[in-house]
**Student:** 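Below you will find the structure I want to go over with you.
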Protein chains: 2
Amino acid sequence: MPPTQSGSMESPRNTVAVVGGGLVGALASLYFAKRGWKVLVFEKRPDTRLPENQGFARGRSINLAISERGLSSLGRVDPDLESMVLDMSIPMHGRMIHSPTGHLESHPYSVFGEHINSVSRSDLNSLLLSKAEEYPDVDIYFNHSFTSADFDSNTLKFADRANNKEVTFTADLIIGADGHYSKVRQELQRKTMVNFQQEFIEHGYCELTMNPKNGKFAMDPNHLHIWPRKTFMLIALPNLSNSFTCTLFMPWRDFEKIKNDDDLMALFNTHFPDAVDLIGHDNLKKEYFSNPKGNLGYIKCKPYNYKGKVVILGDAAHCMVPFYGQGVNCGFQDVAALDEIMLSASNACNDSTSSMTSNQLQAALDEYSATRPKDAAAIVDMALEHYIEMRSDVSDFSYKLRKNLEGVLQKWMPTRFMPLYSMVTFSQIPYSEVVKRAHRQDQILKNVVSLSLTALSVCLVGIGVRYIYPLASIKLPAFSEVARLFRKP
Amino acid sequence: MPPTQSGSMESPRNTVAVVGGGLVGALASLYFAKRGWKVLVFEKRPDTRLPENQGFARGRSINLAISERGLSSLGRVDPDLESMVLDMSIPMHGRMIHSPTGHLESHPYSVFGEHINSVSRSDLNSLLLSKAEEYPDVDIYFNHSFTSADFDSNTLKFADRANNKEVTFTADLIIGADGHYSKVRQELQRKTMVNFQQEFIEHGYCELTMNPKNGKFAMDPNHLHIWPRKTFMLIALPNLSNSFTCTLFMPWRDFEKIKNDDDLMALFNTHFPDAVDLIGHDNLKKEYFSNPKGNLGYIKCKPYNYKGKVVILGDAAHCMVPFYGQGVNCGFQDVAALDEIMLSASNACNDSTSSMTSNQLQAALDEYSATRPKDAAAIVDMALEHYIEMRSDVSDFSYKLRKNLEGVLQKWMPTRFMPLYSMVTFSQIPYSEVVKRAHRQDQILKNVVSLSLTALSVCLVGIGVRYIYPLASIKLPAFSEVARLFRKP
C-alpha cells in the first residue's frame with residue numbers, strides 16, 4: 001500500500017530539515033511526511049543500506065531492545081510498522097542469570113508474559129529510511145555533514161562529502177536528531193541559554209560476538225543473558241543470525257589492567273567460565289583486543305528548542321546509559337510526543353501539520369520543551385540506577401524476594417500495582433510519573449512487609465500461648481493483680 | 001628593570017601556545033615567559049591597547065574587584081605588578097547600602113580595614129599584555145581566532161582574520177584561556193571524557209554609567225554601592241575616571257516588562273530614586289535601552305587537561321556568576337597554582353620549567369586537574385549563594401546582627417574565626433577548605449548564640465526569683481512533698 005500524505009497540495013506547505021538519518025531522524029522523517037511536510041533528511045554517513053557501505057554502520061551498539069514505548073510510536077505513524085519490526089526481532093521473556101559456576105536461573109520480566117525485543121540497529125534503521133523514502137516528498141541527502149545554521153533565517157549549511165563542497169538549504173523547521181555529539185545542539189547552545197549537563201561514569205564497555213554453535217544459538221535466545229559480578233557484568237542479546245552480541249561493562253581501571261591474553265583469560269576463567277566456552281578462547285581474545293572500548297555517560301539539557309525554528313530529539317537532547325534499554329524507546333516516544341503536540345497546536349481539521357504558522361510552530365515547540373525534559377531526565381536517572389540492579393542486585397536473595405512479592409501484588413491488584421520495570425518497559429506512563437508512582441508503590445511494599453511481619457508475630461505469639469505456654473511452669477498473673485499494683489490502697 | 005627569563009639557553013626549550021589574550025591568558029603568558037618558555041599568544045580581537053581598537057573591548061563588564069587571591073598571583077610572577085595594579089585601582093572598604101528612601105548605611109568588609117579594589121578590565125589587560133611583551137620570547141598574534149587543534153600532534157589552527165587565511169602552529173603545551181565559550185574546552189570535550197555542567201540563572205543584567213558630577217564622583221568612591229531589593233538589585237563600582245559603572249541585576253521576566261521609558265522610570269523612581277538623580281533621567285533611558293542585556297550562569301567541568309598536551313584555565317574551565325567578585329581572582333589563582341605544581345614536577349634546580357619532559361608535563365597537568373576543580377566548584381557555588389545575600393540579606397536585621405557577632409568573634413580569636421567573606425576575599429585558604437571551615441564556624445556561631453540565650457535565661461530566672469517571686473501570693477511546694485506523691489504508703 002503506498003503511503004498517504006496528509007495536507008492539501010494547494011495550501012503552502014512547510015519544509016522540515018531533519019539533521020541525522022539515524023533511528024530517531026528516520027522516524028521523525030516518516031512522521032513529518034505523513035503530516036504533509038516536504039522533508040529533507042541529512043545524514044553524514046553514506047547510505048548504509050548499500051552493501052558497499054555497511055562498514056560505516058559500526059561504532060554504535062549492534063543490537064538494542066525495543067519495547068512498548070518504541071513500538072507504539074512506530075504504530076502511531078504506520079500501523080504495519082510495529083508488526084514489521086516485531087517480525088525482525090527476537091523476543092526476550094526474561095533475564096537469564098549466569099552464576100560464576102555456570103548455574104542458570106531465569107527471571108521472567110513480567111507475570112503476564114510481556115517481553116522485550118532484540119533487534120538489529122542497522123536493520124531497524126534501514127527499514128525506517130526505506131519507509132520514509134516511499135513518500136514522494138522525502139529527500140535523503142547522504143554524505144552531508146551538518147556544519148552550521150542560522151536559525152533566524154532558517155538556513156543550514158552542510159559539507160557535502162561526496163562532492164567536497166559546502167551546500168546551503170533552507171527549511172521552516174529544523175529537527176536536530178544528530179545524536180550524542182549533536183552539532184545542532186551546539187548551535188542551539190550558542191543561540192539561546194541552554195542548561196546542560198554531561199557526566200561520564202567510571203565504567204566503559206566492550207562488545208564481543210558469540211557465534212552460533214552448529215548453526216544454532218549457543219544459549220537460549222529468548223532471554224537477555226546476564227553474568228552479574230557486583231562491580232562489573234557481561235550481558236548478551238540474541239541476533240537474527242543466531243549469534244549473540246555480548247557486552248562487557250566494567251570500571252575503566254579494570255579494563256586498564258588487562259594488558260595481554262593472560263590477563264583477559266584470568267578475568268574470564270574466574271568470572272565467566274561458561275562464556276569462555278561459548279565465545280571461544282581465540283575469538284574472545286581477538287574480539288576483546290580489536291574491538292573499541294566505549295565510554296558511558298549521560299546528557300541532560302533544557303530547553304530543546306529555539307522559537308519555532310529548531311528542536312532537538314533523541315540522543316541529541318538526552319543521552320542515557322544503556323542499562324534500561326530505553327534510549328531508542330525514549331527517542332521514538334519523543335517523535336510521537338512532538339507529533340501529538342503539533343497536531344493539537346495546528347488547529348487543522350485533517351491530520352496535517354504542514355501549514356502551521358510560525359506562531360503555531362513556536363507554541364508547539366515551546367510546549368514540547370516545557371514538558372518533555374522532565375520525562376527525559378527521569379529515565380536518564382533511572383537508567384543510571386538500573387546498572388546497579390543489573391550487575392549486583394539481581395543475584396541477591398532480598399532482590400528475588402522483592403521481585404516475587406511485586407509479582408504477587410501485581411497479579412492481585414494489576415491496576416494499582418505495577419513493578420517499576422514494567423512501568424518503564426511495558427507501559428506508556430510518562431517517565432516522570434513512573435518515578436512518582438514507584439515511590440508510592442515502595443510505600444505500599446513497605447506497608448505490606450510490616451503488615452506481614454506483624455501478622456507473623458501475632459501467629460507466633462498464638463502458637464506460643466497455645467502450645468508452649470501449657471508446657472512451662474510459669475504462671476501469668478491476672479489482669480486485676482497487675483492493675484492493683486497501680487491503685488492506691 | 002628588564003624581566004629575567006629562567007632556563008638555560010642551551011637546553012631544548014618548550015613552546016607554549018596560549019589561546020586567549022584576556023586577563024588569564026595574559027597572566028599565563030607572563031608566568032611561562034618567566035619560567036623560560038617560548039610563548040605564543042593568540043587573541044581573536046585586535047590589539048585593544050591601540051586607540052582605534054578600543055571599541056572591541058566592550059561586551060564584558062567594564063570594571064571588576066581584585067583582591068588577595070588575584071593580587072598575590074600577580075605578585076608571585078612580578079613583585080612590582082601588585083603595586084602597579086593597586087595604583088590603578090580604587091579601594092572599596094565596604095558596602096554602601098542604599099534604602100528605597102535614599103538612606104545610606106556603610107557596612108565595612110573587614111574589622112581589620114581590609115578592602116577590595118575596583119579596577120578597569122581593559123586597563124588591567126593592557127598592563128599584563130605589555131608586561132608579557134617585555135620578554136623577548138613572547139609573541140602575541142592578534143586577530144587570530146582559534147578554529148581547531150590536534151592535541152596528539154601538538155598542532156593548532158587559527159583563522160588569521162587580518163589576512164583572511166588559515167594558519168597552523170605547533171606547541172609543546174596548549175593553554176586554553178579563551179573564556180566562557182572556550183573552543184579549546186570544546187576540543188577537549190571531543191578528545192576526552194569531560195564531565196560538564198552549564199546552568200543559567202533566571203536573572204540577567206544591564207550596565208549603566210553614572211557620570212561624574214562637576215568632575216567629581218557622584219557618590220563615595222570607596223564603597224561598593226548596593227541597592228538591595230530582595231528579588232533584584234542595583235550595584236555600582238567606581239572607575240578612575242570618577243564615574244561609576246552601575247549594574248542592574250533582575251529576573252528576565254522583569255526585564256521583559258520594561259518596554260518603554262515610562263516602565264523604566266516607574267521601576268527606578270519606586271526602587272532607586274536616589275540613583276535616578278545621580279545617573280540622570282535622560283542618560284538612564286539612553287543607557288538602559290541601548291546597552292545589551294547579559295545573561296548569568298555558571299560552568300563546572302572536570303578534568304581540565306588532556307595528557308601533558310593541553311589544559312584550560314580561568315573562565316574556560318569554570319564560569320561563575322559575578323556576585324562574589326572572584327571570577328578574575330580565581331582565574332589568576334589558577335595560573336599561580338599551575339605554576340607551583342609545574343615547578344615541583346619539573347625537578348629543576350633553577351626556577352625554570354621550560355625543559356620539562358612530556359611525562360613531567362602530564363604529571364603536572366594531571367595533578368592540577370585532580371586538585372583544582374574542587375576549589376573552582378566551591379567558589380562557583382558560593383558565588384551563586386552570595387547573590388541572595390547581596391540582594392536581600394544585607395538589609396535584614398538578623399543579617400546585621402550576625403555580621404556584628406562575626407566581627408566580635410574575629411577580633412577575639414582571629415586565628416580561629418574568620419567570616420566567610422574574609423576567607424574568600426582576604427585569604428588564600430583554598431575555596432573548598434573555605435566551605436568546610438565556614439560550616440565549622442557556623443556551628444561555633446550557633447553554640448555562641450545558644451550559650452548566650454541560656455545565660456540570658458538564667459539571668460531572667462534569677463531576676464524573677466529575686467524580685468518578682470516575693471511579690472506574688474503563690475507558694476512553691478517542697479521537694480519532699482512532691483516526692484511523697486510517688487511513694488507507697
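Note: hydrogens, waters and symmetry copies are ignored here, and every other heavy atom, side chains too, is used. Naming convention: chains lettered A, B, ... in sequence-line order (proteins, then strands); numbering from 1 in each chain. No experiment lies behind these values; they were computed from the predicted model shown.
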**Student:** Between A:Glu199, A:Met193, A:Lys300, which has the largest tally of heavy atom pairs under 4.5 Å with chain B?
**Tutor:**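 Between A:Glu199, A:Met193, A:Lys300, the count favours A:Met193.
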**Student:** Please check if the number of heavy atoms outside B:Asn164 that lie under 6.0 Å from its CG is greater than 12.
**Tutor:**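 No - once you tally the heavy atoms of other residues, nucleotides and ligands closer than 6.0 Å, there are 12 at most.
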**Student:** CD/B:Gln198 to CD/A:Gln198 distance, rounded to the nearest 0.5 angstrom?
**Tutor:**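 Between atom CD of B:Gln198 and atom CD of A:Gln198 there are 12.0 Å.
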**Student:** When rounded to the nearest 0.5 angstrom, what distance separates CZ in B:Phe200 from NZ in A:Lys302?
**Tutor:**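 Reported to 0.5 Å precision, the distance equals 14.0 Å.
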**Student:** Can you establish whether the number of heavy atoms outside A:Lys309 located under 6.0 Å from its atom NZ is more than 12?
**Tutor:**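 Yes - once you tally the heavy atoms of other residues, nucleotides and ligands closer than 6.0 Å, there are more than 12.
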**Student:** How far does SG of A:Cys301 sit from CD of B:Gln197, to the nearest 0.5 angstrom?
**Tutor:**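 Between A:Cys301 SG and B:Gln197 CD, I get 12.5 Å after rounding to 0.5 Å.
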**Student:** Could you check whether atom CD of B:Glu166 has more than 12 heavy atoms from other residues, nucleotides or ligands sitting under 6.0 Å from it?
**Tutor:**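 Above 12, so yes.
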